[in-house]
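Just below is one structure, and these are the notes that go with it.
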Amino acid sequence: MVDRLTSVDLLNQDLRGEHQAIVHYLTHAWTVIRSFGGAVEAIARDEMRHFKWLSHAIVALGGMPDLSPPDPLPLLSGAEALDYDISAEEEAIRQYRDHQKTIDDHRLQVLLERIVVDEEDHRRQFMILREQWQQWPGQAVVEGPQLTQESVHPFQAALKEEYEGILTALLQSFFARPHYDIGLRAEDRAIDLMKHLGWLGEALGAQGIPVTWSLPETHNGHESRGWLQEILNWSEEHMPHLAPLVARAIQHQRLDAQMARLGGWTVGPYPEGGYREWMS
Ligand SMILES: [Fe+2]
Ligand SMILES: [Fe+2]
């Protein structure tokens, strides 16, 4: 088992990977693969949540999240960008699996497993986008007036300030709470459920069936897991593009429940306030 500081180093390596993925995916979504912008921005939002979970875990271990910006991006065509993003996901999966074995702490292992569930689905989604690009490459669209070197400058300067502001505010947010947990908070679980709702709602909408906005008459956790399993079995045959998303939702439920059972680590208001393990 590696010590706490080695775990912090490994998690920081993962954090830098997430940071790089966010920056690359957003850049690709805004430039060379704009026709897939929405889908790729949704993947970047998942990476932002991974970034937050890893930062909280690092702070909970008494460490400092490494928020240094990633190296400059290579200039790529649309097809190259998608190839690059597929390899980024593959590398992330390999690294998380490796760290899961090395870190040897069950709570962190479950957190990394929760992240890997998303990365595997990202790889799948990027591979589909890559295939679609092959058949129907998007066009680079230039809208509005051409920017001159002079008019571009304020944009670039303002973007730098926005980026710096984001990193500063995030770092403050990681240290602003009285204690930190490893794992997902109730708010994170709500966001997961909103995503699941979206996947199911879109699938229904595509069939012309609106979502019924009402609550179940009885609540039973086993029952709701059963519904997803039923939808998975059905979609495998009738709506294959939905099946991997439902499988991902089932994995989310399983790992969220596991994390809730494991409880968390907490530290004092500041990292120098000391590290103590809190068994709940
Ligand atoms: Fe990620
Ligand atoms: Fe990913």
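Counting convention: from 1, in listed order, for ligands and their atoms alike. Residue numbers start at 1 and run along the sequence shown.
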Q: Scan for side chain to side chain donor-acceptor pair (under 3.5 Å) pairs involving residues 192-202, sequence neighbours excluded, and state none if there are none.
A: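 As it turns out, the side chain to side chain donor-acceptor pair (under 3.5 Å) pairs with a partner in residues 192-202, which skip direct neighbours, are Asp46-Lys195, Arg49-Asp192, Arg114-Asp192, His196-His252.
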Q. If you look only at pairs with a residue in residues 152-161, which of them pass as a side chain to side chain donor-acceptor pair (under 3.5 Å), with sequence neighbours excluded?
A.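 Residue pairs with at least one partner in residues 152-161: there are none.
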(Q) Can you tell me if Gln207 has over 12 outside heavy atoms packed within less than 6.0 Å of its CD? (A)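 Correct, the count exceeds 12.
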Q | Count of N, O or S atoms belonging to protein, less than 2.8 Å from the Fe ion (ligand 1) | A |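 Number of qualifying protein atoms: 5.
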Q: Verify the ring-centre separation between Trp53 and His56: is it less than 6.0 angstrom?
A: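 Ring centres of Trp53 and His56 not closer than 6.0 Å.
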Q. Is it true that Asp121 and Arg248 have a side-chain N and a carboxylate O under 4.0 angstrom from each other?
A.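 Salt bridge flag = yes for Arg248 with Asp121.
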Expected list for residues 82-91: side-chain donor-acceptor pairs under 3.5 angstrom, two or more places apart:
residue : atom : partner : partner atom : Å
Asp83   : OD1  : Arg130  : NE           : 2.6
Tyr84   : OH   : His24   : ND1          : 3.4
Asp85   : OD1  : His28   : ND1          : 3.0
Asp85   : OD2  : His28   : ND1          : 3.0
Ser87   : OG   : Asp83   : O            : 2.8
Ser87   : OG   : Tyr84   : O            : 3.4
Glu89   : OE2  : Tyr25   : OH           : 2.7
Glu89   : OE2  : His122  : ND1          : 3.4
Glu91   : OE1  : Arg94   : NE           : 3.2
Glu91   : OE2  : Arg94   : NH2          : 2.8

